[in-house]
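Reading through the structure tokens given below for one structure.
Reminder, nothing fancy here: chain letters follow the sequence lines and each chain counts from 1.
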Amino acid sequence: MPPMSLPPERQLETIRRGTVDLINERELLEKLRRGRPLVVKVGFDPTAPDLHLGHTVVMRKMRQLQDLGHTVVFLIGDFTGRIGDPTGRTRTRPPLSEEEVLHNAETYKTQAFKILDPARTVLRRNSEWLAALSGADVVRLAAQYTVARILEREDFARRLRENRPISIHEFLYPLFQAYDSVALRCDLEMGGQDQLFNLVVGREVMKGYGLEPQCILTVPVLEGTDAREVEGRIAGEKMSKSLGNYVALDDPPEEMYGKLMSVCDGLMWRYYELLSALDAGAIRTLRDDVAAGRVHPRDAKARLAFELTERFHSTEAARAAAERFDRVHRSHETPDDVEEHRLLSAAPLRLSRACAQAGLASSGSEAQRLIVAGGVEVDGRRVADKDATLEPGRTYLVRVGKRRFARIAVVPPET
RNA sequence: GGAGGGAUUCCCGAGUGGCCAAAGGGAGCAGACUGUAAAUCUGCCGGCCUUGCGCCUGCGGUGGUUCGAAUCCACCUCCCUCCA
């Protein structure tokens, strides 16, 4: 699609879709009417090297803007990342080392273009300008905002109320992020809904520097895979690496598919809305069909899992993942790509130990507990004896829990 | 600078000399039920092995008292509160 082919009003319509906040439409329309590509900034904190589905909500919006002909700055907050965004935090984060930040930034690069158009993405790091600020520059920046306004932030206010520490440098975080907008002459900054505060500071600070304030767009924050439906509403923490409730973009296909299949039904609809390419009408229809019993919820979920696995891997990979899933979990058959481990032992080898060595359990004690709990099968039969052993010279198929399999060959250590 | 309070296992949080690998809750894992859903119920929930009522590690750090310390003492580190 040629750049700027759509009239501003139509663009605005597209931009508005699926957003939470848009500050504000009038200003944005004005910017669009000037007919030059907007500078759109989205910052990514390099603390989490794995991009996950939660990031893709805003990334899809970025892609939309790109397709409308605008310039998207994928800003890696390598400088601010060393401070740590206090958003949603109840305590101070430890700063990252330079090496960690660099490594994480690299990982971002390779994953981001699964969604973004590389030709219309400008990759920047905010250390480019932030590291160069002098003491006087920082003072000037800090003068743009007041402590009272900073304390309007719920997370700061709460920490203050609960007598938890707040380090001064955390106050600086939103200001540095705002300075990014100054440095880039940003027209539009986007982010998750939880970023609203930081984005608004950007507007104010830009004014302070005599610049036209940026517009702001926020998208919904995606709940993690552990979210639950409570009284018809989805309740749960946002998807994040540190909470472990995420689906990473580079999760292997089977894992991605499996993780998506195990989210609760209510959450599936949320994922449909925020992640699927299906339009609102199609989702509505599907939802009605499930509610009416015409479509099994599992099949609706499988469709979603397939779509997303296909997007981040390939059609073949998605198909294979679906097949494997059905084979293991619906037909209760063994997958055909079970990893084989050769364990050396002249004497009968304890099953618990073998499980630990083959990586099926984190420790021998853990494996022993799993055995006693009835979670271990050898050659299709449940083994509940914690003293069970495997004979040298034989190969066993061991299953731990629902989805951990390994073929274990006990090899006598001759020669 | 002064006075006081606190630091417990992944998280929250009980525990004031032996019965403490440490209550309770959450998270996690396994089992039942299912659609590998969710909810619910049950069990587990530091590590090691020669699997014994075994050994090691463990209650901010370092020493000490004691037959025995998460619990008592000393010093140290960090956090909080009030005063200045």
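Of all nucleotides listed (G31(B), U51(B), G35(B)), U51(B) comes nearest to the side chain of K386(A). In the set G35(B), A38(B), C48(B), the nucleotide with an atom closest to the side chain of S365(A) is C48(B). Ranking A30(B), U51(B), G35(B) by closeness to the Q368(A) side chain, first place goes to U51(B). Each of U50(B), C29(B), G35(B) was ranked by its minimum atom distance to the side chain of R350(A); first place goes to U50(B). Checked against G35(B), U51(B), A30(B), the side chain of L370(A) finds its nearest nucleotide in A30(B). Minimum atom distance to the side chain of R298(A) is reached by G35(B), of the listed U51(B), A30(B), G35(B). Minimum atom distance to the side chain of R382(A) is reached by G31(B), of the listed C29(B), G31(B), C48(B). Among G35(B), U51(B), G47(B), the nucleotide with an atom closest to any side-chain atom of D387(A) is U51(B).
Of the nucleotides present, C56(B) is the one that pairs with G46(B) by Watson-Crick or G-U wobble criteria, both distances under 3.5 Å. Partner assigned to A74(B) is U62(B), using Watson-Crick or G-U wobble distances below 3.5 angstrom. When Watson-Crick and G-U wobble pairs are counted only if both distances are under 3.5 Å, C41(B) pairs with G31(B). In a base pair of the Watson-Crick type (N1 to N3 plus N6-O4 or O6-N4) or a G-U wobble (N1-O2 and O6-N3), with each distance short of 3.5 Å, A69(B) is matched with no nucleotide. Pair check for G1(B) finds C83(B); Watson-Crick or G-U wobble, both atom distances under 3.5 Å.
Annotation: A74(B) and A84(B) have their P atoms spaced 29 Å apart (nearest Å). Taking atom C1' in both U16(B) and C72(B), one finds a spacing of 9 Å when rounded to whole Å. Using C1' as the reference atom, G61(B) and C79(B) are 15 Å apart when rounded to the nearest Å. Between C12(B) and U66(B), the two C1' atoms lie 33 Å apart (nearest whole Å). Taking atom C1' on both nucleotides, U9(B) is separated from A23(B) by 13 Å, rounded to a whole Å. Rounded to whole Å, the P atom of G64(B) lies 22 Å from the corresponding atom of G18(B). A21(B) and A70(B) have their C1' atoms separated by 12 Å, given to the nearest Å. Across the P atoms, G4(B) and C56(B) are found 40 Å apart, a figure rounded to whole Å.
Heavy-atom nearest nucleotides on RNA chain B were determined for G375(A) and for G266(A), and the one closer to the 5' end corresponds to G375(A). Take the nearest nucleotide of RNA chain B for R404(A) and for C264(A): the residue whose nucleotide is more 5' is R404(A).
The main-chain N or O of D78(A) is never found under 3.5 Å from a side-chain atom of S127(A) such that the two would form a donor-acceptor pair.
Computed from coordinates, the K402(A) NZ to C29(B) C1' distance equals 10 Å when rounded to whole Å. In this structure, CG of D226(A) is placed 10 Å from P of A39(B), rounded to the nearest angstrom. In this structure, R270(A) atom CZ and A38(B) atom C1' are separated by 18 Å, rounded to whole Å. Straight-line distance from the OH atom of Y257(A) to the P atom of G35(B): 16 Å, rounded to whole Å. Residue R369(A) contributes atom CZ, which lies 14 Å from atom P of C29(B) at whole-angstrom precision. Following rounding to the nearest Å, R228(A) (CZ) and G26(B) (C1') show an atom-to-atom distance of 14 Å. Counting to the nearest Å, the P atom of G35(B) and the CE atom of M261(A) are 12 Å from each other. Taking atom CD of residue E237(A) and atom P of nucleotide C10(B), one finds them 20 Å apart after rounding to whole Å.
For the pair S363(A) and C48(B), the criterion of a side-chain N or O lying under 4.0 Å from OP1 or OP2 is met. Close to C48(B), at under 4.0 Å from its OP1 or OP2, lies no side-chain N or O of R353(A).
Between the side chain of D299(A) and the base of G35(B), no donor-acceptor pair of N or O atoms lies under 3.5 Å.
Using cut-offs of 30° and 60° for the angle between ring planes, the H55(A) and Y108(A) rings count as perpendicular.
For A132(A) against D137(A), the heavy-atom pair with the smallest separation is O-OD2, 4.4 Å. The shortest heavy-atom contact between R228(A) and C264(A) is CA-SG, 4.0 Å. S345(A) approaches P392(A) most closely through the heavy-atom pair O-CB, 3.6 Å.
A salt bridge links R311(A) with E307(A): the closest approach of a Lys/Arg side-chain nitrogen to an acidic carboxylate oxygen falls below 4.0 angstrom.
Atom CD of E25(A) and atom CD1 of I15(A) lie 10.0 Å apart (nearest 0.5 Å).
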Stepwise side-chain hydrogen bond (donor to acceptor under 3.5 Å, both in side chains) check, T121(A) with Q66(A): CA-CA 8 Å; T121(A) 305; Q66(A) 291 183 322; 2.6 Å; yes
